[in-house]
Structure formats: C-alpha cells, structure tokens
Amino acid sequence: MFAIAYGELVQILRNRAVLITSLLMPVAVSIFIINLRDTFARIGSLGYVGAVLVFTIAAFTLYATTVTSLAARRQDRFLKRLRSTAASDPTILSGLVAPVTGISLLQIAVILSVFAGIGGAAVQVALLVAGVVASFAMMLALGIATAGITKSPEHAQVTALPLSLGVIAVASWVGITGTESLAPLERLLPGGAATELMVNAWNGDVPVTESLLLLLPTLAWVIAAVALASRMFRWEPRR
Amino acid sequence: MSASPVIEVDQRNLRYGEFHAVKDLSFQVERGELYALLGTNGAGKTSTLEVIEGHRDPSSGRARVFGKSPTNRREVRSRMGIMLQESGIAQDLTVAETVRLIGHISGRQDSVERVLNLVDLAHKGGTRSSQLSGGEKRRLDFAAAVYGRPELIILDEPTTGLDIQSRDALWETVQQLREDGATVVLTTHYLEEAQQRADRIGLMHQGTFHLQGTVSDLTRTLPASIQFSLPPDAPALPMWPAPLAGRSYSIETFALQRDLKNLLEWADDHAVELSDLSAAPTRLDDVFRAIGAESVPSPLLVR
C-alpha cells in the first residue's frame, strides 16, 4: 500500500491543476474564513466557523480530489495496471486515497489549530475530533462512490460540485439557524448531524452525552457512503 | 517441476448482458510454450485474456492458472507478468518510478536499472511517462510485465506501435525468458510474428475457437497453390487446374510436393515451358482470411 500511496502523492504534487484547485484553494478559502471569523461568529458561532472550515477541507481537498484523481487513474487505465499486479483491490484503493486523506487531515489540523489560537479553542476536543473523523470518512467514501459515475477528470468538475456545495450549504444552514425548528431534517442531511456535533464540541454549551447521540446519524451516513462506494465504484471505463 | 498445464480453460463462457462474447472455450497452455491467441476483431481474444489475467470472472466454465483461480492475485500474480493492450501508465510518474512501483507490487524481485536496460529506456529513467512516444510507452509497459522474470507472461498486442528495432529487441527478450522456462501467451494482429514464434495457435472467430494447433496443423486445413502459364500450343494437362486470366493456371492442392513433381515431370516429358511458375504453401494469413470468410470447416480443433 505504501508504494502505491507514495506514487499517488508524487502524482498529486506534480499535477499543477490538482495542486491549485484541490489543495491550495481550500486553504485560501479557510484563511479568508478565519480572517472574517468575527463576522461569521456573529451570524452563527465560533463552532459554526469551525464546522464550515472542516467541511470546506472535506469537500474540496478530500472529496473533490478523490473524485478527480480516481477518475483520472481509471481513464489512463492505471487502475487496471495496478490490478494486474499482486496487490488486492482494498490495498490499491487504500493506497490511492491515503495521500489525499493524509493531506486533508494535516490541513484541517493546522487550520483548526490556527483558528483556535486566534479565536479560542474548542471546549470538547475529543468530540470535535470524532466529528471531523466521521465527516472525513463520509466524504471519502462518497468521493469513491462519485468517482464511479465520473467518466474523466474534467467530468469530475460537474459530478463533484453538487455534493461539495451541498455539504457546505447544510453546514451553514445548521450552523446559522441551529436545529430548534427542523432538527430531524437537518440531522438527516449529509453533514447535518456532524455539523451540530462539531458546533456543540467547539462551543461546549451542550452536554457531551447529548452531543454523542449526534454521532449516530453521522455514522449512519458513513455506513451508507461506504455501501454506495462499494456498489458504485468501477475499476474500468464502461465498455 | 510439475507437468501440469500452466493455463487450463474449460468450457468457458463470458457474457456482457445479452452479448455472448465467448462461447464454450476450452484450451490449455503447457509450461514453456508460446501460445498465440489470434482472431478477427471482436473475436473475444481480449475477453479471454482478461479471464486468464483474473480481471474478469467467467459467466460459466472454469479457468485455472498454475492450478489456481486467476483471481487469486496473491498466489498467481507474483508468477505472472501482464502487458495490457492499452498502456495504463501514470502520466505524472517518471519511467523509473513507474517500473519501481509496478515491480514492487508485482511481488517479484528485480533491478529497475536491469529492466530499463532490457527495453533500452535506461536513458529515459527520469522522464515523465507523459513525455514518452507511443512506442516508448509500449516498451515501458513491457518492462513492467517482465520485471522479476515471471514464469508466465501475457502479451496483449505487444508490438503495436513499435518500430522494427524495438520489435526485434522485444522478441529477443521474450526468447531469453523462454530459454529460462517462461510460458508466453500472445495476442497480435501481426500474423507473421505468430507464424514465426508460436508453438501453438488458437484462432478465434465470433467468440469461439475455429482452429487450434501448430502452424503446420492450421495451414494444412487449406490447400497450397501452384501457379503457372502455358504456351498456346501446350497439350492437355494431366490434372484440372483452375484457369486464371489468359493462359495462366492455378492448381490448389493438399499434396504440394507430389503435384509439383507431377507437373514438372509432365512439362519435361512434353517439352513445355512453364512460365511464371510459383508454388506457395498455405500461410497463416490465408487461414485467417478463410475463417473471416467462413470458408474453413468449423470448428476444427487440432490438439
């Protein structure tokens, strides 16, 4: 797996388009959000800013890059070449998504640390970490699933957009309006419960036991996303 | 060393939805053999290879490589090198990185430098694959396939896009690997390559074998031809040739040596000069064309 992961990391770092759109742009957006943190905090809360940062990285670095790079590797028949070796499918897939997952986690760790240093740290750090990990797992699996219906890296700009914008919209909706009125709907949407969890974790104004329940719909989304990925992902271009 | 076949395919069928791509295919490839899988476009060659490679499960029937399911990558792939029809090379990796990566996960041990020298790409080791020519990419793909000297090498149209020097070098490497005991399965559209190098050939058409055997077995299924022209005053021939244009004739025969001898003796006895005389044995191209035209008895399987 490490040889595949290293090869994939090299390819990501050498591809200027992927580097700019998927890795540098999300960081730039995050810097913009942190810079305007007081404005965002007034319409939501610091926890809301934290959740939006998490989903910005999850949507654009992790999800969009996963879709784009898997579609590119399939189009180049590189997936088939890898499958012509002794490596198993889970090893290949893990190796291919490991670099972007690592980069995303590193990005969010640095960005949230900077944000915490400037705006104030999260109250329930362990809960926040659980929310970040679950959100990333969901977005990674959804990325693999979306790659299954994406014909080419160019097509990924179309197929990845709805969910990328969708989860940020859900995070903003939940983060700004709270869940007093439409809680069941908001918690059922992808990223809805995770946003509420992370907002609670950051602000610390809800008991941990109550927030922990929000992990259930989040984990349900992770399971659903993994099931979608295993059903929708294709190793070869359609014949 | 085991005497069991390296590849065993038994009553294999492969369907894509309603399309029956491969029908009741059975064959074996013995250790050390070079087996060429030839056929018309869409005959099912690549589909057959994909089952042997473990990329596709047969709809029915059985396939075994080294006595195991070809989908058992851990057991089978470390002994098998695969050169795909389409390159499958990562554009942003260098030549050396590509061979190192594929070699590493092939489960075999080798030196990247040795393999790149083998395909004359050592000087391109630091070049990104996207900057290689089509022929260089094929050579890189071949390098990845032969990394670690696998026991079984699958070559899917290996020489397409290669210049003559590269082709010769590739076949020289294949020959060296065969001398070390490697088994080779080949598909190609260059019939002369199969005719020169294959121990046995399976000729596919419309998803099944129409002929299988050695080159000699296959070419024996069609008559050879003797062509010549006669002077206007020549006496009647002892055999019944098919007339061509003017005074030219053609004899189709399954006994080329005997009939040629008879013809020459007749010409000598009657002081007739045979102008434009030529005798041509059946070539693989003729068999191939006959299969395309469905003028060969089918299926005729010669073991």
Side-chain angles (χ1 to χ4, degrees), chain A residues 1-23 65 68-100 103 151-154 156 233-239, chain B residues 14-17 19 21 42 46-47 49-50 52-56 70-94 96-108 128-131 137 140-141 143-145 147-148 150 153-154 156:
Chain A
M1 188 192 100
F2 293 110
I4 298 172
Y6 175 74
E8 185 63 20
L9 180 64
V10 168
Q11 290 186 76
I12 288 173
L13 296 180
R14 281 187 188 153
N15 190 314
R16 204 170 295 157
V18 172
L19 204 60
I20 292 171
T21 58
S22 301
L23 304 186
T65 310
T68 306
S69 59
L70 288 179
R73 307 296 171 257
R74 183 178 52 225
Q75 189 184 41
D76 292 344
R77 306 293 200 279
F78 187 58
L79 293 185
K80 188 168 184 180
R81 160 52 61 203
L82 293 176
R83 293 184 92 211
S84 299
T85 67
S88 67
D89 285 351
T91 301
I92 293 169
L93 204 49
S94 305
L96 290 173
V97 299
V100 71
I103 290 170
K151 293 175 197 158
S152 64
E154 294 77 25
F233 185 69
R234 287 184 293 112
W235 290 94
E236 289 184 44
R238 206 177 292 279
R239 291 175 79 98
Chain B
L14 189 62
R15 291 175 185 274
Y16 300 114
F19 178 59
T46 295
S47 296
L49 281 192
E50 284 181 336
I52 296 169
E53 291 163 353
H55 285 133
R56 211 167 287 282
T71 57
N72 182 347
R73 288 189 207 166
R74 187 188 292 270
E75 298 278 346
V76 173
R77 293 288 177 72
S78 56
R79 303 170 71 182
M80 178 199 276
I82 299 173
M83 183 176 181
L84 300 168
Q85 190 181 109
E86 291 167 283
S87 268
I89 291 170
Q91 301 298 311
D92 289 319
L93 292 182
T94 66
E97 286 166 348
T98 301
V99 174
R100 190 172 297 117
L101 168 60
I102 302 301
H104 184 86
I105 59 176
S106 70
R108 298 185 292 272
R128 285 197 201 180
S129 302
S130 58
Q131 291 165 0
K137 283 180 182 168
L140 175 56
D141 211 23
Y147 184 96
I153 306 161
I154 310 281
D156 195 352

Option that, when pairs with chain A are counted at under 4.5 Å, heavy atom only, ranks first among B/Ser78, B/Ser106, B/Gly54, B/Gly81: B/Ser106

For B/Glu86, the option from A/Arg81, A/Lys80, A/Arg77 that meets salt bridge (charged side-chain N to carboxylate O under 4.0 Å, His left out): A/Arg77

Non-hydrogen atoms of B/Ile89 and A/Phe78 that approach each other most closely: C-CD1, 4.2 Å

Which heavy atom of B/Arg73 sits nearest to which heavy atom of A/Thr85, and what is that distance? CD-O, 3.6 Å

Identify every side-chain donor-acceptor pair in residues 2-12 of chain A under 3.5 Å, counting partners at least two apart or on other chains, and give the distances.
residue : atom : partner : partner atom : Å
A/Glu8  : OE1  : A/Arg73 : NE           : 2.9
A/Glu8  : OE2  : A/Arg73 : NE           : 3.4
A/Glu8  : OE2  : A/Arg73 : NH2          : 3.1

Among B/Asp141, B/Thr98, B/Val76, who wins on heavy-atom pairs under 4.5 Å with chain A? B/Asp141

At a heavy-atom separation under 4.5 Å, does B/Arg108 approach chain A through its side chain, its backbone, both, or neither? neither

Approximate separation, where rounding is to 0.5 Å, of B/Glu97 CD and A/Arg14 CZ: 4.0 Å

Pick from B/Asn72, B/Ile105, B/Ile102, B/Leu101: which one has the most heavy-atom pairs with chain A under 4.5 Å? B/Ile105

Bottom line for B/Ser129: the part with an atom under 4.5 Å from chain A's heavy atoms is neither

If you draw a 6.0 Å radius around NE2 in B/His55, do more than 12 non-hydrogen atoms from other residues or ligands fall strictly inside? yes

Can you list everything that forms a salt bridge (charged side-chain N to carboxylate O under 4.0 Å, His left out) with A/Asp76? Sequence neighbours excluded, please. none

What distance do A/Ser84 atom OG and B/Met83 atom CE have between them, rounded to the nearest 0.5 Å? 12.0 Å

